[in-house]
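Quick notes on the structure that follows.
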Amino acid sequence: RHSKSPFIHTLFARQTQQALEYGLAEPAVDEFATALCAFFAEGGKGCNVTVPFKEQAFTLVDRLSPRAKRAGAVNTIKLTDDGVLLGDNTDGAGLVADLKAHGASLADSRILLLGAGGAARGALAPLLAEGPSELVIANRTQAKAEQLAAEFQDLGAIVAQTYEQLSGRFDLVINSTSASLQGDLPPLSPALIHGEIAIYDMMYGAADTPFIAWAKRHGARQTMDGLGMLVEQAAEAFTVWRGIRPGTKQVLRELKRNLGIL
Ligand code: NDP
């Protein structure tokens, strides 16, 4: 209902001179499969899928991209010319692209990822591909963090720890929990925050998210919210559909203006 994707994709289409119409649909939880079939039967060419349907979409497509298979979730579907529904996941690529756009260095850095839900799962392979010295994953439900660490072990140095176990100096903390949605904070010790740390919250809003506000209060100077990730994952999806990569800088600026941030 509050999706910014029509706004973003309309700007991408204008910029790349593609004829594209991007609408919104909000099926009932038990009617997602029916709605998806109807969309393609009625001539839809591609779509994005968001919470809470990404895992269902994963089971419904005909073919999965390697990154969607790794993520266990699908946020982008394309109807190919031979009538196959291809499922992809662009969230992790969007996160890494946005981190790089902010100048964050990931190679040899020590990264802390908070949360072990769908967004964390999508982020892990692209983050590990950047070659961090260590990626520590912490989650309220510890078993889920351990499960992810085991699943992604082959891609790099990843360990699961409880929030209480976290120690040492992290270069980057990524909040992929949905705690901010309830105005809550992940139970992170303020002692982990220092002046040179980079903070990324996948959430975004017109004002600082609760996590970013908290990190700033404890001395973090570089903070980033998930608005750039939203635009970057959309650019990646647009590229999957149209084979043309739109520029994101100007679109992010327009989106901020639209949200009253600029
Ligand atoms: P999920 O529901 O799959 O996972 C939520 C995670 O948050 C779980 O690990 C959960 O822990 C944790 N969590 C929830 N509440 C709290 C709390 N109060 N304290 C500590 N941990 C908590 O959600 P997603 O992974 O799909 O999405 C996570 C966030 O990322 C959302 O806010 C979403 O909006 C954002 N997002 C942003 C994108 C962007 O483009 N900017 C793209 C995708 C997601 P537990 O396992 O214990 O329940």
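Just follow the structure's listing: the first ligand is 1, and inside any ligand the first atom is 1. Only heavy atoms go into these numbers, but all of them, side chains included; no hydrogens, no water, no symmetry mates.
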For [atom], what is the closest protein heavy atom, and at what distance to 0.1 Å?
atom: atom 48 (O) of ligand 1; result: Arg140 NH2, 2.9 Å
atom: atom 43 (C) of ligand 1; result: Lys54 NZ, 3.8 Å
atom: atom 30 (O) of ligand 1; result: Met202 CB, 3.8 Å
atom: atom 44 (C) of ligand 1; result: Ala119 CB, 3.7 Å
atom: atom 4 (O) of ligand 1; result: Gly117 CA, 3.4 Å

Heavy atoms only: which of [options] lies closest to [atom]?
atom: atom 9 (O) of ligand 1; options: Ile137, Leu227, Asn139; value: Asn139
atom: atom 47 (O) of ligand 1; options: Leu114, Thr141, Asn175; value: Thr141
atom: atom 7 (O) of ligand 1; options: Gly183, Ser178, Gly115; value: Ser178
atom: atom 6 (C) of ligand 1; options: Thr177, Asp201, Asp225; value: Thr177

For ligand 1, the portion of [X] having any non-hydrogen atom under 4.0 Å away:
X: Met229; value: both
X: Ser176; value: backbone
X: Lys144; value: side chain

How about CD on Gln17, more than 12 heavy atoms from neighbouring residues, nucleotides or ligands closer than 6.0 Å, or not?
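Open: at most 12 neighbouring heavy atoms sit under 6.0 Å from CD of Gln17.
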Does any non-hydrogen side-chain atom of Arg70 lie less than 4.5 Å from one of Leu155?
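SC-SC contact between Leu155 and Arg70 confirmed.
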Looking only at side-chain N and O atoms, does [Y] offer a donor or acceptor that is under 3.5 Å from a partner on [X]?
X: Asp201; Y: Asn175; answer: yes
X: Asp98; Y: Tyr200; answer: yes
X: Asn75; Y: Thr50; answer: no
X: Thr162; Y: Gln142; answer: no
X: Ser65; Y: Asp88; answer: yes

Strictly inside 4.0 angstrom of atom 33 (C) of ligand 1, do you find any protein heavy atom?
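No.
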For atom 23 (O) of ligand 1, is some protein heavy-atom partner under 4.0 Å away?
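No.
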Decide, yes or no, whether a salt bridge links [X] with [Y] under the criterion of side-chain N to carboxylate O below 4.0 Å.
X: Glu236; Y: Arg67; answer: yes
X: Lys45; Y: Asp81; answer: no
X: Asp91; Y: Arg121; answer: no

Would you mind listing which atoms of ligand 1 come within a distance below 4.0 Å of any non-hydrogen atom of [X]?
X: Asp184; answer: 18 (N)
X: Tyr204; answer: 41 (N)
X: Met203; answer: 32 (O)

Report yes if some N/O of Gly118 lies less than 3.5 Å from some N/O of ligand 1; otherwise report no.
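By distance alone, the answer is yes.
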If you take all heavy atoms of Val240 and Lys78, which pair is closest and at what distance?
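Heavy atoms only, the tightest pair is O-NZ, 3.1 Å.
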Tell me, please, which residues at least two apart from Gln147 pass side-chain hydrogen bond (donor to acceptor under 3.5 Å, both in side chains).
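Result, side-chain hydrogen bond (donor to acceptor under 3.5 Å, both in side chains) vs Gln147: Glu151.
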Is Ala116 in contact with ligand 1, taking contact as a heavy-atom separation below 4.0 Å?
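Flag set, Ala116 near ligand 1.
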